[in-house]
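Here is how names work: the chains are called A, B, and so on, in the same order as the sequence lines, proteins then strands, and each is numbered from 1. The structure displayed is predicted, hence computed values, not measured ones.
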2 protein chains.
Amino acid sequence: MDYADTKCEENLRALEDALYVLGGKWRLRILAAMFSGHKRFNDLQRTIHGISARVLSNELKQLELNGLLKREVHVDKTPVVTEYVYTEYARSIDNVIVTLADWGQKHKEKITTTCQNH
Amino acid sequence: MDYADTKCEENLRALEDALYVLGGKWRLRILAAMFSGHKRFNDLQRTIHGISARVLSNELKQLELNGLLKREVHVDKTPVVTEYVYTEYARSIDNVIVTLADWGQKHKEKITTTCQNH
DNA sequence: CGGAATCCGGGGGGATACTG
DNA sequence: CAGTATCCCCCCGGATTCCG
């Protein structure tokens, strides 16, 4: 195994590490919704089409365990307000989402023009 | 709905478009393996730990339908050799994978140092 | 080697109802 | 609103077998 192979293996492992945290159907969508300003449970559920309350609840717990968001209960307000806010660390995922969204944008354009051309 | 909201909605939709093609458990892993030089069916299955033959087969078909790879059967060789090669268009995904792998790398470092600190 | 076909089991997740 | 609990169905995908 030469240097190039080693480098590739490292990349594959790094990709695994990322997907372990960000993979799955909902993780990135939830983070993207939060980056878009949505913070409350029902608000998130309404924004992320198709997700059920139970799944959203579980995913939020996982994201919290991974240090990507923090659950904040404001008892001082009436009625009590629960907010999910992303951590400073979660901002490092911005790049990932933007890169992915950019690709999606370009891909959609490509599909559209391809369909027009025949 | 003001400009910022519209922009956010666009980003969410673009993310959906990307995840429609690249989402799921295996898509990015398969593409990453291909970028690493793996081209043949059993080679890919060996590289991508945990994937079964049927799932790999199905995923490859989907990736081909989306124009990300091409199935090439070289009848001129003996025995016949089947290769899966990514298209020129698939190179646009390089960014996504690199960004994700970078984040995974950083994340692993963070986890490691965090564990050492307490 | 590169797959397709069939069988089959578990568990992920939807629906609904309920609670604080 | 912000979830939890229970039920239960469906289908994803593993294992196995077979084929060119």
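For A/Asn42, counting side-chain heavy atoms from C-beta on, the closest listed nucleotide (D/dC1, D/dG3, C/dA4) is D/dC1. Comparing C/dG3, D/dG13, D/dC1 by their nearest atom to the side chain of B/Arg54 picks out D/dG13. If you check D/dG13, C/dG14, D/dC1 against the side chain of B/Val55, the one that comes closest is D/dG13. Taking every side-chain heavy atom of A/Ser57 into account, D/dT4 is the closest of C/dG3, D/dC1, D/dT4.
Residue A/Tyr84 places at least one side-chain N or O closer than 4.0 Å to OP1 or OP2 of D/dG3. Phosphate proximity of D/dC1 to A/Arg40: absent, as no side-chain N or O sits under 4.0 Å from OP1 or OP2. At C/dG14, one or more side-chain N or O atoms of A/Ser52 fall inside 4.0 Å of OP1 or OP2 (strictly under the cut-off). Contact annotation: A/Arg71 does not reach the phosphate of D/dA2 (side-chain N/O to OP1 or OP2, under 4.0 Å).
In this structure, CD of B/Glu59 is placed 14 Å from P of C/dG3, rounded to the nearest angstrom. Rounded to whole angstrom, the span from the CD1 atom of B/Ile48 across to the P atom of D/dG14 amounts to 13 Å. One can place CD of A/Gln45 at 10 Å from P of D/dA2, the figure rounded to the nearest angstrom. Regarding A/Asn58, its CG atom lies at a distance of 12 Å from the C1' atom of D/dA5, rounded to whole Å. Atom NZ in B/Lys25 sits about 12 Å away from atom C1' in D/dG14, given to the nearest Å. Here C/dG12 presents its P atom at 16 Å from CH2 of A/Trp26, a figure rounded to the nearest Å. Whole-Å rounding puts the A/Ile51 CD1 to D/dG3 C1' distance at 13 Å. The distance between atom CG of A/Leu56 and atom P of D/dG3, rounded to the nearest whole Å, is 8 Å.
A continuous path of ILVMFWY side-chain contacts below 4.5 Å connects A/Tyr89 to A/Leu19, so both sit in one hydrophobic cluster. A/Val98 and B/Leu12 are members of different hydrophobic clusters when ILVMFWY side chains are connected at heavy-atom separations under 4.5 Å.
Taking every heavy atom of both residues into account, A/Leu22 and A/Arg27 meet most closely at O-CB, 3.4 Å.
Aromatic ring centroids of A/Tyr84 and A/His38 lie 6.0 Å or more apart.
With 3.5 Å as the limit, one finds no donor-acceptor pair spanning the side chains of A/His107 and B/Tyr20.
Residue contacts for B/Lys61: at a heavy-atom cut-off of 4.0 Å it reaches the sugar-phosphate backbone alone, with no base atom in range.
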